[in-house]
Amino acid sequence: MRWTKTFIPTMKETPEGAEIPSHVLMLRAGLINQVMAGAYTYLPLGLRSLRKAERIVREEMDAAGAIELLMPAITPLSLWEQTGRVKAFGDVLIQFTVRRQNRKIQMALGPTHEEVITDLVSRHISSYRQMPITLYQIQTKFRNEERPRFGVLRTSEFLMKDAYSFNTSVKSLDESYEKMYAAYCRIFGRCGLEYLPVEAESGPIGGDASHEFMVPAENGEDTVAHCQACGYAANLERAEVGCRDCVPPNVPPAKLAKVATPNAGTIAQVCALLKCRPEEMIKTLIYSADEKPIAVLLRGDREANEGKIRRAIGVEKLALAESDVIQRVTGAPVGFAGPVGLKEAIPVWADRDLLIVRNAVTGANERDAHLTGVNLGRDFDVPEDRFRDLRNAAEGDPCPRCSAALSLRHAIEAGHVFKLGTKYSEALAARFLDDQEQLHPIIMGCYGIGINRIIAGLIETSHDDAGIIWPVALAPYEVYLAPLKVTDEPTMIAADRLHDELQQAGVEVLLDDRDVRAGVKFKDADLIGIPLRIVLGPRGLAEGKLELKWRWDAEPEMLDLDVAAEQIAEMIREERAEATRFKERCRD
RNA sequence: CGGGGCGUGGCGCAGUCUGGCUAGCGCGCCUGCUUUGGGAGCAGGAAGUCGGAGGUUCAAAUCCUCUCGCCCCGACCA
């Protein structure tokens, strides 16, 4: 391809509003153009990379035995009503009504396709002999995100590979899941991404029923806890906190006292007023658990983990209580709750950390007052079986597997594998007959990859000040070929010939035939980040040589022009297969 | 949904507080000449409903009201 024949609008300056590297570079390199918040046009260069990621995903899905199909993006709303997900998705589900003759038809744009595919399977699969089977598609999904952001990382419309497995037993589901898990490792590996499979919020099957594939990146929206020592990795939503010594500190108990804390309703305000530290406080959260109030005690510097609380007490719905409930339960406005002297006898749960807090500061269940010198066992009590791990893991917490220190890092969720169980098959009557003529709901798994996030994740983790650094596998073109003087006939003859030879050898080459100064070409080449740069300039041409430089190398090497096409093609083939040079780039 | 920031030729910005002549600057674009290995120089040129509506005023990019769009932070952590 010739630069002047395609459409690559690069930009020297960063458009206002773009902040994170992937967004800035995708805009500047002419990969995307914003149409509105959360919706982008993929320009020719961006589309080529997107298609490459898509192709890798498709190849690995096919290799894993998954079968491709394509479902519609528009779906009947009734399907979502049957599974209760109209309510579950809320405003995220894009719904609309269209008029057809004199009927009104309610539709929704698919944010994911469990309903559509389960409905399909319920009509055509009815015997154990037809399973296991994994079906997938690569298709645009629509989600009306509360807040689209970070360029292409969170958008209202995105390209997703979604696969669904249908199995007759949990054991068979496990096998399908393992195949997808392994395929995901190959996909992210081939894309040159550093990735981390982490345990995620699990579904109804429990155990290790869900993994997210995370790309560690500063600007990721998720946080993962990772143990370098044993490899344990989990989403913060899920990460367990290992047990540490629960030996209370050997300090004499202080006298219980009430102190005035006017208008100090937050941990920070109380600490400032009483000159204490957050870890000396006990935070008392009043939750509404399936409509009944409960109290949850945490050390002042800890964050509650609602998933853990929900599981510990075994409820479906959990939300912080409304202020009138708090007023009733504690007898005080929000901000002054404490475990001592609650007005109603409600269940009290506590994070394990509470066992080592002595002489704590807590709310007094009274407006503008706190208690000091509060001690477990003397001033309040929590039944032993209500001490649980109820908080988010923090940097340095013990690993639940090996007790080494956990580290926390941000990451981009690029893929998710999930054991669904029978939620959708039961709701949509997708049943099969086993060899004993017994009817069972089909056991399902689902497996998603955000294709756009592969691209954004790669750029987020592979760029420098000058621009993107693509691996060959995802690069819009594999070779960038720059004749420095396009008005010089011998130069252009050589450039055209090399271009044609490379193309014939199956190499994707971009010939920069613009009549611009060398500096402009070099800057743009670095910006769009094509892995291999070939320069045909007066320096080398006189000696029958050209210049070759990998995007991540500092210095070029010279190559004989007459054997160049063959050697370049060979290098590109090596990089496609192993990405060895790309993966070693970090050593520099 | 709460908070903050920003809307001025294609892109990046100044001008707004303190109203005043024909709305400027850099990049890009077009023409010509020179130049030619890391975003060239000179000369000439095209291109702007100052996000939109209403209002105040002799006079509005600038002041007031409403509204739309974009970006960032937070979303009940007592």
Side-chain angles (χ1 to χ4, degrees), chain A residues 9-20 23-24 27-28 30 33-40 90-91 146-151 154 219 221 261 263-271 278 281-288 295-306 309 318-323 325-327 329-330 332-339 351 361-370 390-392 465-467 482-488 491 512 514-527 533 535-541 546-547 549 554 556:
Chain A
T10 59
M11 276 183 277
K12 210 186 256 190
E13 281 166 305
T14 301
E16 190 206 6
E19 297 198 352
I20 69 169
H23 192 196
V24 169
L27 288 166
R28 286 193 53 213
N33 180 262
Q34 183 172 27
V35 177
M36 62 177 185
Y40 290 85
D91 287 337
E146 290 292 317
R147 181 148 90 87
R149 57 183 141 176
F150 301 142
R154 182 166 293 278
N219 291 303
E221 289 186 279
T261 51
N263 299 318
T266 68
I267 296 277
Q269 287 165 344
V270 174
C271 284
M281 295 192 62
I282 294 174
K283 182 149 80 175
T284 305
L285 306 178
I286 308 297
Y287 275 98
S288 188
V296 172
L297 308 182
L298 295 170
R299 220 171 78 176
D301 58 333
R302 302 306 192 187
E303 291 176 356
N305 181 309
E306 295 189 357
I309 297 170
L318 184 80
L320 284 166
E322 300 290 335
S323 54
V325 175
I326 293 172
Q327 179 81 43
V329 169
T330 69
V334 173
F336 300 94
D351 182 73
V361 177
T362 76
N365 295 319
E366 184 179 313
R367 178 188 287 275
D368 295 342
H370 277 72
L390 299 176
R391 65 173 174 88
N392 281 341
D465 291 343
L484 288 190
K485 197 168 178 181
V486 300
T487 51
D488 179 58
T491 301
D512 192 349
R514 291 177 300 170
D515 184 11
V516 294
R517 296 167 69 89
V520 176
K521 293 193 179 186
F522 291 143
K523 291 286 186 193
D524 271 346
D526 287 345
L527 179 59
R533 187 186 83 183
V535 172
L536 287 173
R539 282 185 196 167
L541 272 178
L546 52 71
E547 185 183 294
K549 187 178 94 65

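Below, chains carry the letters A, B, ... as their sequence lines are ordered, and counting in each starts from 1. Keep in mind it's a predicted model, so treat the numbers as computed, not measured.
Using a 4.0 Å heavy-atom distance criterion, A:Lys521 is classed as making no nucleic acid contact. Counting non-hydrogen atoms under 4.0 angstrom, A:Ser323 reaches nothing in the nucleic acid. Using a 4.0 Å heavy-atom cutoff across all strands shown, A:Pro538 reaches at least one base atom of the nucleic acid. Among the atoms of the strands shown, none is found under 4.0 Å from any heavy atom of A:Leu298. Note on A:Tyr287: nothing from the nucleic acid sits closer than 4.0 angstrom, heavy atoms only. At a threshold of 4.0 angstrom between heavy atoms, the contacts of A:Ala37 are confined to the sugar-phosphate backbone, with no base atom among them. Among the heavy atoms of the strands lying under 4.0 Å from A:Arg539 is at least one base atom, whether or not backbone atoms are also near.
Comparing B:C77, B:C71, B:G39 by their nearest atom to the side chain of A:Leu527 picks out B:G39. The A:Glu547 side chain lies nearest to B:G37 when the options are B:G38, B:G37, B:C6.
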Handout entry: Under 4.0 Å protein heavy-atom contacts per nucleotide of nucleotides 24-31 of chain B, with B for base, S for backbone only and - for none
Key = --BS----

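A:Arg28 meets the side-chain hydrogen bond (donor to acceptor under 3.5 Å, both in side chains) test with no other residue; sequence neighbours excluded. In terms of the side-chain hydrogen bond (donor to acceptor under 3.5 Å, both in side chains) criterion, residue partners of A:Thr10 (sequence neighbours excluded) are, by chain and number, A:Asp524. Looking at residues two or more places apart in sequence or on another chain, you find a side-chain contact (heavy atoms from CB on, under 4.5 Å) between A:Ala466 and A:Asp464, A:Asp526, A:Arg551. For A:Asn305, the side-chain contact (heavy atoms from CB on, under 4.5 Å) partners are A:Lys308, A:Asn392, not counting sequence neighbours. In this structure A:Val535 satisfies the side-chain contact (heavy atoms from CB on, under 4.5 Å) test together with A:Leu484, A:Phe522, A:Arg533, A:Glu547, sequence neighbours excluded.
For the pair A:Glu303 CD and B:A75 C1', the computed distance is 14 Å after rounding to whole Å. When the P atom of B:U36 is taken as reference, atom NZ of A:Lys485 falls 8 Å away, rounded to whole Å. In this entry the distance linking CG of A:Asn305 with C1' of B:C77 reads 12 Å, nearest Å. If you measure from atom CZ of A:Arg147 to atom P of B:G69, you get 16 Å, rounded to the nearest angstrom.
Nucleotides B:U62 and B:G19 have their C1' atoms positioned 6 Å apart, rounded to a whole Å. For B:G15 and B:A75, the P atoms lie 34 Å apart once the distance is rounded to whole Å.
Atom CD in A:Glu146 sits 6.0 Å away from atom CG in A:Asp91 (nearest 0.5 Å).
Nearest-nucleotide positions on RNA chain B place A:Glu19 closer to the 5' end than the other of A:Glu19 and A:Ala321. Summary of the strand contacts: A:Pro333 and A:Val35 both lie near RNA chain B, and taking for each the nucleotide with the nearest heavy atom, the more 5' one is attributed to A:Val35.
The partner of B:G10, taking Watson-Crick or G-U wobble pairs whose two distances both stay under 3.5 Å, is B:C27.
Taking 3.5 Å as the limit, the base of B:G38 and the side chain of A:Arg533 contain a donor-acceptor pair of atoms between them.
Distances shown here put a side-chain N or O of A:Arg517 below 4.0 Å from the OP1 or OP2 atom of B:A40.
Put simply, the residue from A:Lys283, A:Arg302, A:Arg391 that forms a salt bridge (charged side-chain N to carboxylate O under 4.0 Å, His left out) with A:Asp351 is A:Arg391.
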